[in-house]
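Read the structure below first, then the notes.
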Amino acid sequence: GLIRKTPEKFCKQASLFKIDDPIFVWFFIDAFRDVYKRGVTFDWNPILDLCGWAVKQNSQTESYEQGESDQVFSWRSTHQSIAWLLGDALHNGKAPIPFELREQVWEILYLLTRNSSPTEEEEERFGDSRKRAYDFALNCVRGSAMIAAVKYIEWVRASFKLDNEELLKSGFDAIPEVKDVLEERLDLLVEPSRAVHSVYGLYFPWLVAWDRQWTIDHIDKIFPKETKYFEIRQAAWNTYLKWCFPYDEPLEILYDEYLMSVRNIENDLTKSEEYDSPIVKIGEHLTTYYARGLLTLSPDSLLTIFLEKASDEIRAMTMEYIARQLENSPPGISSKETIDRLKEYWEIRLKSAKKSQKQDNFSKEIAAYGYWATCKQFDNKWVLNNLCEALRFSKRIDNTEKVQPYLAEISNDFPEEAITCLELIFEGCWNDWEISWLASQENFNRKIIESATKSGNISHEKAQKLIQTLGGMGFYYYRDLLDS
């Protein structure tokens, strides 16, 4: 619209939008948010003046379905847009709000953190906010305001780095206005919103980095352990698990939180075998810490307890996650110590599976080794020996679409191991369709069979036997490789 085309003109006229109809205020603020996101600079003074006036207007948030007026609904939307605008601007290192406007910015944010949205009814309508609390935080006023308040910390600290780096050592004491709000919103009697509490989970690593002692002192409020606050804890904890990378520094502080979750896996009402579920994320975090040498596989270790309590499906996802992390790392980037630790991880898991009296409870986890086989971080001899072991145990392997080409690639150097693995893959097929698909990968299979045929002895015999087996099933692609 016109505002987006001539923002300088409308910026000077911002005060004219201090009118009773919030729809026009809403559109004006939203237009300037779009202008800012496009990299256009403007004078923030009149915009903040309008925002400061707008946040003091009607913020009542009754249910829209229960007859909420358009005017009330629009004021809430206006406040939401203001929170988004400030969040965007405070986080942008290239064109932030000028620091001399700090007092004005905080006055607006402070009022937004006390907005009546979200109500309990709004959170219930949103769905399962233990799993999706942060999604809702992005779309309610207090949640968005708390996110902007965290970005305000970054903004202030960036100024300290330029003008007074000593203040960085003072943590939140150097930013008392934010400290007060952080503590106020942690009061479970003051702030009942799961969405708002999820913000503490999302930014937990940054809270540790900015003020470690403050975070330690408030850990039981960020992740409360009392049964009556279970949903608050889950909202913050699940958000942390889903969205935060497992940085080293928080581990010591969060050890008991991980332990509590691991010990209660069976009772976790949010447990799921989806890739982004909290339990799957715990496995990802703990194995990452193990790979770095911060956790061990001793009998009483956090990771061992997790592996004992997690289902076969969850452990399989954890196994796959490790491989995908390795696959996304350039060859040689992982240290020898890391690779040796991960080899040990696999070997201990395979040994546990073989020793178990309920080996069916390990079949999916061991089959997930197929992802390890193709991540190109381990030596081929070790990969092939363990691929054979995994196939013999689980009778099948995951990731065959990549394992087959891998076997073809190394078949000249390891003909016996390659043909043995291919033979075991075919033996483990569950149905005719799977056999047909594997057999149709003629280029890869032919390379493996040819290498085995040329090598003589056991490899040659296995190759001939596999050709005859496939021919008996009606797959004649390789009969030209039979002995005359």
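Predicted model only: the values in this text are computed from it and were never measured. Along the sequence shown, the residues carry numbers beginning at 1.
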Inset, instruction - Examine distances only and state if a side-chain atom of Y289 and a backbone atom of Y247 form a donor-acceptor pair shorter than 3.5 Å. - result: yes
Legend entry - Residue E120 excluded, over 12 heavy atoms near CD under 6.0 Å: no
Legend entry - Option among F172, W106, Y110 that satisfies the ring pair (Phe, Tyr, Trp, His ring centres under 6.0 Å) test with Y152: W106
Inset, instruction - Any chance you could lay out the salt bridge (charged side-chain N to carboxylate O under 4.0 Å, His left out) test for R114 and E184, step after step, and finish with the verdict? - result: CA-CA 10 Å; R114 305 175 75 83; E184 178 188 47; 2.5 Å; yes
Inset, instruction - For the pair S193 (side chain) and T119 (backbone), establish whether a donor and an acceptor sit closer than 3.5 Å, ignoring hydrogens and angles. - result: no
Inset, instruction - Search all heavy atoms of F32 against all heavy atoms of P7 and return the closest pair with its distance. - result: CZ-O, 3.4 Å
Inset, instruction - Report the C-alpha separation of E284 and K281 in whole Å, then their side-chain angles, then the decisive distance to 0.1 Å, and conclude whether the salt bridge (charged side-chain N to carboxylate O under 4.0 Å, His left out) test is met. - result: CA-CA 5 Å; E284 294 177 2; K281 290 297 179 181; 3.2 Å; yes
Inset, instruction - Give a yes-or-no answer on whether the side chains of Y290 and E344 include a donor-acceptor pair shorter than 3.5 Å. - result: yes
Legend entry - Closest approach of M317 to V280 (non-hydrogen atoms, all atoms of both residues): SD-CG2, 3.5 Å
Legend entry - Exam field: side chain S159 to backbone W155, donor-acceptor pair closer than 3.5 Å: no
Inset, instruction - Applying ring pair (Phe, Tyr, Trp, His ring centres under 6.0 Å), run through Y36 and W44 and close with a yes or a no. - result: CA-CA 11 Å; Y36 182 79; W44 275 97; 5.7 Å; yes
Legend entry - Note, Y369 side chain near V403 side chain (heavy atom, < 4.5 Å): no
Inset, instruction - Could you grab the distance from atom OG1 of T227 to atom CD of E231, nearest 0.5 Å is fine? - result: 12.0 Å
Inset, instruction - Consider only side-chain N and O atoms of E257 and Y240, and report whether a donor and an acceptor are under 3.5 Å apart. - result: no
Inset, instruction - Could you pull out the closest heavy-atom pair between K402 and T374, with the gap in Å? - result: O-CG2, 3.5 Å
Legend entry - Ring-face cation of R349 near F362 (centre distance under 6.0 Å, axis angle within 45°): no
Inset, instruction - Answer with yes or no after comparing the ring centroid distance for W214 and W206 against a 6.0 Å cut-off, counting only values under it. - result: no
Inset, instruction - For the residue pair W372 and W346, categorise the inter-ring angle as parallel (less than 30°), tilted (30 to 60°) or perpendicular (more than 60°). - result: tilted
Inset, instruction - Enter the distance from H285:NE2 to S261:OG here, rounded to the nearest 0.5 Å. - result: 11.0 Å
Inset, instruction - Please confirm whether the backbone N or O of P278 pairs with a side-chain atom of N238, one donor and one acceptor, at under 3.5 Å? - result: no
Inset, instruction - Taking the six-membered ring for Trp and the single ring otherwise, decide whether the centroids of F17 and W26 are under 6.0 Å apart. - result: no
Inset, instruction - Mind listing the closest non-hydrogen atom pair of H197 and E191 along with its distance? - result: NE2-O, 2.8 Å
Legend entry - Donor-acceptor under 3.5 Å (R185 side chain, R142 main chain): no
Legend entry - Derivation and outcome, side chain to side chain contact (heavy atoms under 4.5 Å, CB included), residues L202 and M146: CA-CA 11 Å; L202 180 75; M146 289 301 293; over 6 Å; no
Inset, instruction - Calculate, to the nearest 0.5 Å, the distance between atoms OG1 and CD belonging to T239 and Q234 respectively. - result: 10.0 Å
Legend entry - Non-hydrogen atoms of K161 and L168 that approach each other most closely: CG-CD1, 3.5 Å
Legend entry - Polar contact flag, side-chain donor to acceptor under 3.5 angstrom, E154-H91: yes
Inset, instruction - Evaluate the side-chain proximity of I47 to C11: yes if any heavy-atom separation is below 4.5 Å, no if none is. - result: yes
Legend entry - K151, NZ atom: more than 12 neighbouring heavy atoms under 6.0 Å: yes
Inset, instruction - Give a yes or no answer on whether the side chain of Q377 reaches the backbone of L326 with a donor-acceptor pair at less than 3.5 Å. - result: yes
Legend entry - Donor-acceptor pair, side chain of T304 and main chain of S298, under 3.5 angstrom: yes
Legend entry - Worked verdict on R341 versus Y345 for side chain to side chain contact (heavy atoms under 4.5 Å, CB included): CA-CA 6 Å; R341 273 193 293 271; Y345 178 91; over 6 Å; no
Legend entry - Over 12 foreign heavy atoms within 6.0 Å of NZ, K18: yes
Legend entry - Minimum side-chain heavy-atom gap L297-L307 below 4.5 Å: yes
Legend entry - Set of ring-ring contact (aromatic ring centres under 6.0 Å, His included) partners for F24, sequence neighbours left out: none
Inset, instruction - Please check if atom CD in Q359 has more than 12 non-hydrogen atoms from other residues, nucleotides or ligands closer than 6.0 Å. - result: yes
Inset, instruction - Decide yes or no on side chain to side chain contact (heavy atoms under 4.5 Å, CB included) for W237 and I222, but give the supporting numbers first. - result: CA-CA 8 Å; W237 181 238; I222 297 172; over 6 Å; no
Inset, instruction - Flag yes if more than 12 heavy atoms outside E226 fall under 6.0 Å of its CD atom; otherwise flag no. - result: yes
Inset, instruction - Mark yes or no for whether R315, through its side chain, and A310, through its backbone, hold a donor-acceptor pair below 3.5 Å. - result: yes
Legend entry - R76 side chain near Q80 side chain, heavy-atom distance below 4.5 Å: no
Inset, instruction - Output yes when a side-chain donor or acceptor of W84 lies under 3.5 Å from a complementary backbone atom of L138, and no otherwise. - result: yes
Legend entry - Backbone N/O of L207 and side chain of T215: donor-acceptor pair under 3.5 Å: yes
Legend entry - Atom of L350, atom of I366 and distance for their closest heavy-atom approach: CA-CD1, 4.0 Å
Legend entry - Enclosure of E107 CD (heavy-atom neighbours >12, cutoff 6.0 Å): no
Legend entry - Partner residues of E166 under the side chain to side chain contact (heavy atoms under 4.5 Å, CB included) criterion, sequence neighbours left out: N164, K169
Inset, instruction - Verify whether the ring centers belonging to W210 and Y203 lie closer than 6.0 Å. - result: no
Legend entry - Residue pair Y200, K221: steps toward the side chain to side chain contact (heavy atoms under 4.5 Å, CB included) verdict: CA-CA 10 Å; Y200 292 86; K221 290 185 176 180; over 6 Å; no
Inset, instruction - Show the numbers, then the answer: is there a salt bridge (charged side-chain N to carboxylate O under 4.0 Å, His left out) between E320 and R324? - result: CA-CA 6 Å; E320 179 184 343; R324 291 198 183 280; 2.7 Å; yes
Inset, instruction - Using distance alone, with no hydrogens and no angle criterion, decide if N361 and S356 have a side-chain donor and acceptor under 3.5 Å apart. - result: no
